[in-house]
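Lettering of chains follows the sequences in order, A, B, ..., and the numbering in each one begins at 1. Computation of the quantities below employed the complete heavy-atom set of this structure, encompassing side-chain atoms and omitting hydrogens, waters and symmetry-equivalent molecules. Quick caveat, the model's predicted, so the values are computed rather than measured.
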Amino acid sequence: MSDSQSSSSRGNLRVRFAPSPTGFLHVGSARTFIFNWLYARRNGGTMILRLDDTDVERNTDASVNSIFEGLKWLGLGWDEEYKQSERGALHRRMAEAIFQRGLAYRDFTPAHTGDSEKSGAQGTWLFNPGMREMSHEESDRRAVAGEPFALRFRVPREAGQIVRFTDAVYGEQMKAGADIEDFALLRSDGMPTYHLASCADDADLRISHIIRGQDHLSNTFKHVLIFEAAGYTPPQFAHLPLLVAPDGSKLSKRRHGPVVSVTTYRDAGFLPEAFINFLCLLGWSPKDDRTKMSRQELTESFSLEGINRANAVVNFKEPATTPEETFDPKAVWLNAEFIRGLAIEDLSRQLLPIVRGAGFNVTPEKMAQITPLIRERIKLLSDVLTAADFFFVDKLPPYDPAELIPQKGDAAMALKVLQKAQAVLADVEFKHDPLDHALRAAAQELGVKAGQMFQPIRVAVCGRKNAPPLFETLEVLGKEVTLARIGEAINKAG
RNA sequence: GGCGCUAUCGUCUAGGGGUUAGGACGGAAGAUUCUCAAUCUUCAAACCCGGGUUCGAUUCCCGGUAGCGCUACCA
């Protein structure tokens, strides 16, 4: 799971990707992972994967699998791996330390069951004075008596109390303590909250840079408070602009469907290199005119200074039309670029399982012959199924005989051309040059243009007008199949 | 509502007190080719609004507007 760099050569720079396994790996998370990875690799640091699974209610194994599946596909790897749920003792120890210093207090208010008041966009809940100001004696007595309580941070809210930090992307940040609510550290069941667990782990794992989504920018004030209350210097922060849908709303599976899941891109036939490249261009720029960049180039160019501050739109089509049109056109274009850059053998090897998966029997040798004919014609790996279908099937799907009629020609011309082709092709070697010469000569004899000669043959063997170059196609198809299909076409045309 | 963040072509972005505001994707047109694709050429397309500061603002400042985020014993 890790790349070749040896861990001993790494310095103190440590970054982490900390997804919570409550859903599939989504593209925004993937980008956060990539930026962390790039930053670590660029600066010789350590990349850590930490599953932030403190929300027992919402965690699922399926989600854990989806995250690993997605990350595995990206192929970037990481150096250390942790699971937050296994570090509960550490979290509670930090909560205890903060409590001992008088910087947290018990809140015996029963937990809110519904989230009815959340939707009301109303009141500014900051703290409950009765709980915050409760005497030690009463607090201890009630705790000893077994009354459940949540542990809340005692946010310093006197006038002039300002919490501040410097964000590598958003600059100087400050907020009055009076505007920060007394957030929970421990739930009444004793489980740590995200804020506590995250800070405790970041401190314990000596994370030096927290690179994460901008949705945490406001939370960072709380985190700074926790770090300081526990006696740690906060790490450096770098918040990333969010990835949003074309309408500006947050990406969500419920609203936007599978386009937000990493595995959707994998299954649609994206190359991880292209996907990574595409994601890097959302919210980050190399500050020059490069668009297509290899992993190597990205690693060398990446810097926090190149990250910008405005949300970036993933420009997918909301109502999914064709598979390829649902994705951001730039992602598709980049993928086509990377496909064209692949060696035939490499591409052919990647295409084979897709073709076989669709139920076709194809040998690696045959696939290697077909690949050069479609490499420039497919944008997604899965396009092989529509671009090269006629190579795989025994019998062509039905097509309209009118398709056989060439430009500026008629049915009679189509028939004439096909019969001529059948005769000529019967004793010509099925190689590019001989086919070229024979068919052009035939066209001349017939008094038709080369294009008028080729088009009916193309439709006869491919079943459609748009296809790879004819001679190469016939060469791969072979004499037997070609003549059989031309024979069928003659029957249709006649 | 409170607090925070943001604002350049349709989208991703570069730039920056005086520029023909640059590139990429996508779109349009053309060249080329046996169709398609690829490739090449060309074109259309942007500084949210209002005030300041300034000789001069798209750029700096303030306000507005809009969008986003946080405001849970979710993360």
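Protein atom CG of D182(A) is 14 Å distant from nucleotide atom P of U71(B), rounded to whole Å. Rounded to whole Å, the distance from CG on D289(A) to P on A14(B) is 11 Å. Remark: P of G67(B) and CG of N311(A) are 13 Å apart, rounded to the nearest angstrom. Across the protein-nucleic acid pair, W284(A) atom CH2 and A24(B) atom P stand 17 Å apart, rounded to whole Å. A straight line from CG of L380(A) to C1' of A37(B) spans 14 Å, rounded to a whole angstrom.
Ranking C3(B), C25(B), C68(B) by closeness to the P329(A) side chain, first place goes to C25(B). If you check A37(B), U6(B), C12(B) against the side chain of A312(A), the one that comes closest is C12(B). When each of U11(B), C34(B), U71(B) is scored by its nearest atom to the side-chain atoms of P469(A), the top-ranked nucleotide is C34(B). Distances from the side chain of T54(A) to the nucleotides A24(B), U35(B), A75(B) place A75(B) closest. The listed nucleotides are C70(B), A75(B), U6(B); the one nearest the side chain of Y194(A) is A75(B).
A donor N or O paired with an acceptor N or O is not found under 3.5 Å between the base of A14(B) and the side-chain atoms of K287(A). Between the side chain of R309(A) and the base of C5(B), no donor-acceptor pair under 3.5 Å is found.
As judged by a 4.0 angstrom heavy-atom cut-off over every strand, P468(A) is placed among the base-contacting residues.
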